[in-house]
Protein chains: 2
Amino acid sequence: MPSDLFSSSVIDAVSIDCLIFGFRGSGLDILLIKHGEGISKGKWALPGGWIQYNEDVDEAAGRLLKSLTGVSNIYLEQLRAFGDVSRYPEKRVITIAYYALVNTDHYALSAGFTASDVQWFNVHEVPKLPYDHNRILDFGLRQLKHKVRHEPIGFNLLPKKFTLHQIQQLYEAILEMQLDKPNFRRKLLNMNLLVPCHEKQKDVSHRAASLYRFDKKIYDQLTEKGLSFEL
Amino acid sequence: MPSDLFSSSVIDAVSIDCLIFGFRGSGLDILLIKHGEGISKGKWALPGGWIQYNEDVDEAAGRLLKSLTGVSNIYLEQLRAFGDVSRYPEKRVITIAYYALVNTDHYALSAGFTASDVQWFNVHEVPKLPYDHNRILDFGLRQLKHKVRHEPIGFNLLPKKFTLHQIQQLYEAILEMQLDKPNFRRKLLNMNLLVPCHEKQKDVSHRAASLYRFDKKIYDQLTEKGLSFEL
DNA sequence: CTACAAATAGTCAATTTGACTATATTTTTT
DNA sequence: AAAAAATATAGTCAAATTGACTATTTGTAG
């Protein structure tokens with residue numbers, strides 16, 4: 001740490017930007033908001049905001065997420081900071097990017113936004129975004145692709161109760177590859193991580209599949225016993 | 001992004017802190033510097049500095065690393081930002097932590113530091129550090145433990161030419177576990193990632209082991225063909 | 001020339017993978 | 001009511017990988 005502890009800041013501001021991922025059966029989605037004013041008016045962009053003086057950075061991200069979704073117990077984690085000089089015009093703004101995994105069923109969009117301000121986009125059909133937001137998204141997608149194979153975080157994108165086929169579709173969407181159904185089932189079930197709900201899905205026009213849920217406590221127990229989640 | 005683009009910053013400063021890892025056969029080391037002045041005078045701490053107005057954050061980290069080691073092409077990657085309100089006294093300082101993997105042979109310590117200012121510590125014998133530096137170190141160790149198993153970055157801690165046994169010792173130090181020698185060799189060699197130097201180590205009082213090197217180009221080629229580094 | 005130290009090679013059962021085929025249970029169609 | 005369609009679930013089997021070992025080779029040191 002340098003000696004000049006009382007120099008005034010050379011950074012104009014630190015912002016938060018958030019990748020909010022959702023999944024609705026057909027590919028992975030991301031939530032964008034439309035800028036109402038400012039430099040990039042009319043453009044779609046990642047939801048973001050400024051960090052307040054008296055809140056932790058993690059708190060700021062949580063606050064932002066809640067203001068968008070109305071819900072607060074959502075999976076949320078820091079991605080990394082982006083701080084190229086040229087990432088933001090005029091001012092020197094460093095942003096700290098977060099990513100959230102939400103179950104699109106369980107929350108009401110837009111507290112304070114109209115429908116036209118907030119919209120889901122398939123992650124591969126995202127328009128050109130301002131600043132370095134496309135780069136942040138790319139980075140987040142890579143991170144998600146990796147993380148979902150080594151930690152059981154994908155379940156956050158699904159309803160509480162889900163079928164094996166739903167998880168598979170989710171993984172196929174995130175990893176961008178086809179997976180063998182029997183083998184995927186086998187691997188997942190053999191981890192003994194999923195708890196059967198003893199319930200079947202409803203309103204499907206074919207044989208109904210069993211519903212399962214993910215239990216963090218069971219995962220933590222198994223982890224202590226040496227399980228390492230790998231898919 | 002909120003509308004008030006021209007508010008003055010509520011963050012006093014953004015700093016860089018760097019985890020510099022080294023390996024010298026006996027456990028994993030980290031480089032600490034002794035504070036000469038300021039709030040935490042006399043304490044050992046992570047090397048750090050302020051981000052300049054006209055440099056990317058990654059550049060700032062590189063500059064800091066070079067000022068300490070004299071070398072510039074070192075493996076360096078961002079860990080994450082740490083931004084709790086209480087992490088720093090008096091002022092609101094957010095820090096962006098990086099971690100570097102250096103080969104302790106190949107660089108001269110302390111351009112501008114005396115030996116008593118800079119010192120290697122075994123990562124498990126680190127004193128109480130100021131601010132949230134112990135937390136940053138813990139986070140970095142976890143990250144390293146994970147990353148080293150999924151990406152071939154460990155080689156950065158070794159000399160250009162190394163023996164299989166050296167890699168194994170490195171992995172044992174980072175992962176904090178014993179590994180079976182024949183099985184470790186087999187797995188590593190079967191990836192066809194290591195290039196034999198057709199050379200033996202010297203000055204050992206027993207049978208000399210073959211030297212290998214890691215070739216990033218070969219790794220990239222194999223990756224394209226579907227190899228995924230896993231240890 | 002013998003003891004040692006560590007490198008390197010090889011064995012083998014158990015487990016996991018990948019690529020499949022087969023059967024079961026529903027709903028919709030004829 | 002029977003057949004067709006759709007999807008869930010179960011099972012097979014050879015190949016590859018792993019984990020826990022033993023055996024051999026090649027060098028140094030006394």
Side-chain angles (χ1 to χ4, degrees), chain A residues 25-26 148-150 152 158-159 161-173 175-214 222-223 225-231, chain B residues 25-26 148-150 152 158-159 161-173 175-214 222-223 225-231:
Chain A
S26 58
V148 92
R149 297 191 56 183
H150 302 291
L158 296 175
K161 301 172 178 180
F162 48 80
T163 69
L164 293 175
H165 191 222
Q166 281 179 292
I167 315 183
Q168 183 174 348
Q169 287 183 310
L170 172 65
Y171 270 82
E172 290 182 337
L175 300 177
E176 297 178 69
M177 63 189 293
Q178 292 298 113
L179 299 168
D180 180 89
K181 184 148 75 168
N183 291 344
F184 183 83
R185 293 172 66 85
R186 176 178 58 185
K187 196 159 183 182
L188 204 51
L189 289 178
N190 283 350
M191 293 199 288
N192 292 310
L193 200 64
L194 297 185
V195 183
C197 301
H198 303 293
E199 239 179 290
K200 303 261 168 176
Q201 65 182 158
K202 281 174 183 163
D203 303 319
V204 284
S205 65
H206 52 78
R207 177 177 178 182
S210 296
L211 292 170
Y212 295 85
R213 64 189 172 81
F214 170 74
L222 289 171
T223 300
K225 288 178 187 160
L227 169 84
S228 79
F229 182 89
E230 298 286 328
L231 269 177
Chain B
S26 57
V148 90
R149 299 190 54 181
H150 301 292
L158 296 175
K161 301 173 179 180
F162 48 80
T163 69
L164 293 176
H165 191 222
Q166 280 179 292
I167 315 183
Q168 184 175 346
Q169 287 183 310
L170 172 65
Y171 270 82
E172 289 182 336
L175 300 178
E176 298 178 69
M177 63 189 292
Q178 293 297 114
L179 299 168
D180 180 90
K181 184 147 77 168
N183 291 343
F184 184 82
R185 293 172 65 84
R186 176 178 59 186
K187 196 158 181 181
L188 204 51
L189 288 178
N190 282 350
M191 293 200 287
N192 293 310
L193 199 63
L194 296 185
V195 184
C197 299
H198 303 293
E199 238 179 291
K200 303 264 168 175
Q201 68 182 159
K202 282 174 184 163
D203 303 320
V204 283
S205 64
H206 53 78
R207 177 178 178 182
S210 296
L211 293 169
Y212 295 86
R213 63 188 174 81
F214 170 74
L222 289 172
T223 300
K225 288 176 188 161
L227 169 84
S228 78
F229 182 89
E230 299 286 328
L231 268 178

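Per chain, numbering begins at 1; letters A, B, ... match sequence-line order.
- If you measure from atom CD of B:Q168 to atom C1' of C:dA6, you get 12 Å, rounded to the nearest angstrom.
- Applying the 3.5 Å distance criterion, the base of D:dG19 shares a donor-acceptor pair with the side chain of B:R186.
- In the set D:dA20, C:dA5, D:dA6, the nucleotide with an atom closest to the side chain of B:N183 is D:dA20.
- Of the two residues contacting DNA chain D, namely A:S205 and A:K200, the nearest-nucleotide position lying further toward the 5' end is that of A:S205.
- Interface remark: the A:R207 side chain does form a donor-acceptor pair with the C:dA24 base, using a distance-only criterion of under 3.5 Å.
- Distance, B:H206 NE2 to D:dT24 P: 22 Å, rounded to whole Å.
- Counting to the nearest Å, the C1' atom of C:dT17 and the CG atom of A:L179 are 13 Å from each other.
- Heavy atoms only, all atoms of each residue included: B:L222 and B:N192 are closest at CD1-O, 3.4 Å.
- The interatomic distance linking A:L231 (CG) with C:dT17 (C1') rounds to 13 Å, in whole Å.
- Between A:L189 and A:Y212 the shortest side-chain heavy-atom distance falls below 4.5 Å.
- When the P atom of C:dA6 is taken as reference, atom CG of B:L164 falls 16 Å away, rounded to whole Å.
- Contact annotation: A:S210 side-chain N/O to D:dT9 OP1/OP2 distance is under 4.0 Å.
- The main-chain N or O of B:L211 is never found under 3.5 Å from a side-chain atom of B:Q201 such that the two would form a donor-acceptor pair.
- OP1 or OP2 of C:dA7 has at least one side-chain nitrogen or oxygen of B:H165 nearer than 4.0 Å.
- Side-chain N or O atoms of B:Q169 include none that pairs as donor or acceptor with a backbone N or O of B:S26 at under 3.5 Å.
- In this structure, A:M191 places its CE atom 15 Å from C1' of C:dT17, rounding to the nearest Å.
- With D:dA20, D:dT7, D:dA10 as the choices, the nucleotide that has an atom nearest any side-chain atom of A:R185 turns out to be D:dA10.
- Listed here is the closest heavy atom pair of A:T163 and A:Q166: N-OE1, 2.9 Å.
- The CG atom of A:D180 sits 13 Å away from the C1' atom of D:dG11 (whole-angstrom rounding).
- Atom-to-atom, NZ of B:K202 to P of C:dA6 comes out at 21 Å; the value is rounded to the nearest Å.
- Taking for each of B:K187 and B:K181 the nucleotide of DNA chain D with the nearest heavy atom, the 5'-most of the two is the partner of B:K187.
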